[in-house]
Amino acid sequence: MNIDNYNFNGKKAIVRVDFNVPLDENGNITDDTRIRGALPTLEKILNDGGALIIMSHMGKPKGKVNPKFSLAQIKDAVAKALGRDVKFAPDCVDAAQAAADLKPGEVLLLENLRFHPEEEGKPVGIDKTDPAYDAAKKEMKERQKEFSKTLASYADVYVNDAFGTAHRRHASTAVIADYFAAEDKMLGYLMEKEVKAVDNVLKDIKRPFTAIMGGSKVSTKIGIIENLMDKVDNLILCGGMTYTFAKARGGKIGLSLCEDDKLDLALDIIKKAQEKGVNLVLGTDCIAADSFSNDANTQVCDVMNIPDGWEGLDAGPETRKAFADAIRPSKTILWNGPAGVFEFDNFTAGSRAIADAIVEATDNGAFSLVGGGDSVACVNKFGLADQVSYVSTGGGALLEAIEGKVLPGIAAIRGDK
Ligand code: AMP
């Protein structure tokens, strides 16, 4: 079912959102992006005349009640965002009466789902190597079904708007969908936007397509690089992985970040790019520093010849130009991972050059998707988040989607398991 075509009037809707918002030591929300992100879906349900049951996780309480992760702390912020009262159910599996009492236009927030181990469905207190582990896992899966059934019993319709957890087969993100008919389960607006953004870079590609993969390590990005290799015209690899590639090609990289066990992998990526006709753009020069700090002394170096005691912390001028030249004429752009240690103000130039070129290409009609961790922090730092086509809210979920994996949270609703 499609949320736009559904009339929630007189219905009780249970909605999985990602309200795992960052809190300061006094329990105040420091960034409410995730709450704002879910508002279109929540407001649609209430404006239609539906009653709303909101469920989410917060943090990693590991199946135990822990006040530090209580959603009671965000109840008032949710009420403020919705402009109406929010009732609170202190135990998510003991909320049948509160849900039954709910009238159209009313809102009930359930306590943190992860206070119960059934949410994640992993057996607790038993090691994977224990001979009894398989039996414990089987038992927990049964308990997870019961838990999901209880949550489902509160409502007539289920909406999943938690893209951040869509890559997990948890009770509230996937299993619960089994207890609703196809016409009574759907993705929320935020999920729909995320799915469409991923489709734009994996399916409805306008060319040239340029993917920019940065960050610290090649090992964590290899699944994505391999999946993108069949789709992109230009593949920019930057950030810390630059030096693994430089060393693999016989370079001298000083103290730069390097995964010595991935040198063969780097050569293999270079070979595959050649075979597939992908224009692989690697850094040629870098800003090398004499210590890992913002105030380090710096010099521009050839990435193949970095002096002993120095380490590459950002892309050099020649590299920045090559990156921007590849990005500017592109019509589809995906950016994951910074080109340098952007947390230090003196090493933002590489990431900034990428961000500026993406903004320019977007202005010229490209679709640009930025997501998966630190590149989001990057565009936020530069104040450019509203000048790219889409900034994803999902870290791990986005990366798995780009790897080409089916996300359980989406499959559970669409039935494409
Ligand atoms: P990732 O989580 O793999 O996307 O990596 C992001 C991190 O990579 C950021 O914290 C950056 O500071 C770091 N990073 C980027 N370039 C470098 C570099 N040349 N040396 C060390 N760390 C880097």
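Start at 1 and go down the list; that is how both ligands and their atoms are numbered. Residue numbers run from 1 in the order of the sequence given.
- Closest protein heavy atom to atom 19 (N) of ligand 1: G312 O, 3.0 Å.
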>> side-chain hydrogen bond (donor to acceptor under 3.5 Å, both in side chains) for T165 and T173? Distances and angles first, verdict last.
In response: CA-CA 7 Å; T165 46; T173 62; 5.5 Å; no
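- In the vicinity of G240, heavy-atom distances shorter than 4.0 Å reach the ligand 1 atoms 15 (C), 16 (N), 17 (C), 18 (C), 19 (N).
- Protein heavy atom closest to atom 13 (C) of ligand 1, with residue, atom name and distance, is S216 CB, 4.2 Å.
- In this structure, the ring of F344 has its center no less than 6.0 angstrom from the ring center of F342.
- Every N/O-N/O distance between L257 and ligand 1 stays at or above 3.5 Å.
- Closest to atom 4 (O) of ligand 1, if we only count protein heavy atoms, is K221 NZ, 3.0 Å.
- Residue contacts with ligand 1 include Y243, since one of its heavy atoms falls under 4.0 Å from the ligand.
- At a threshold of 4.5 Å between non-hydrogen side-chain atoms, the residues L369 and N200 do not count as touching.
- When hydrogens are left out, the protein atom nearest atom 11 (C) of ligand 1 is E343 OE1, 3.6 Å; that is the closest non-hydrogen contact.
- Taking 4.0 Å as the cut-off, E311 does not count as a neighbour of ligand 1 on heavy-atom distance.
- Salt bridge status for D161 with R16: absent, with no side-chain N to carboxylate O gap under 4.0 Å.
- Of the protein's heavy atoms, D374 OD2, 3.9 Å lies nearest to atom 2 (O) of ligand 1.
- Of the polar atoms of G214, none of the N or O atoms is found under 3.5 Å from an N or O of ligand 1, judged by distance alone.
- Between the side chain of S70 and the main chain of N66, no donor-acceptor pair closer than 3.5 Å is present.
- V388 is not listed as a side-chain neighbour of Y390, based on a closest heavy-atom distance of 4.5 Å or more.
- Judged by the 6.0 Å and 45° rule, R114 forms no cation-pi pair with F69.
- Side chains of L399 and N336 form a contact here, defined as non-hydrogen atoms less than 4.5 Å apart.
- Contacts between V341 and ligand 1, counted as non-hydrogen atom pairs separated by less than 4.0 Å, involve both the backbone and the side chain.
- The closest protein non-hydrogen atom to atom 15 (C) of ligand 1 is G340 O, 3.2 Å.
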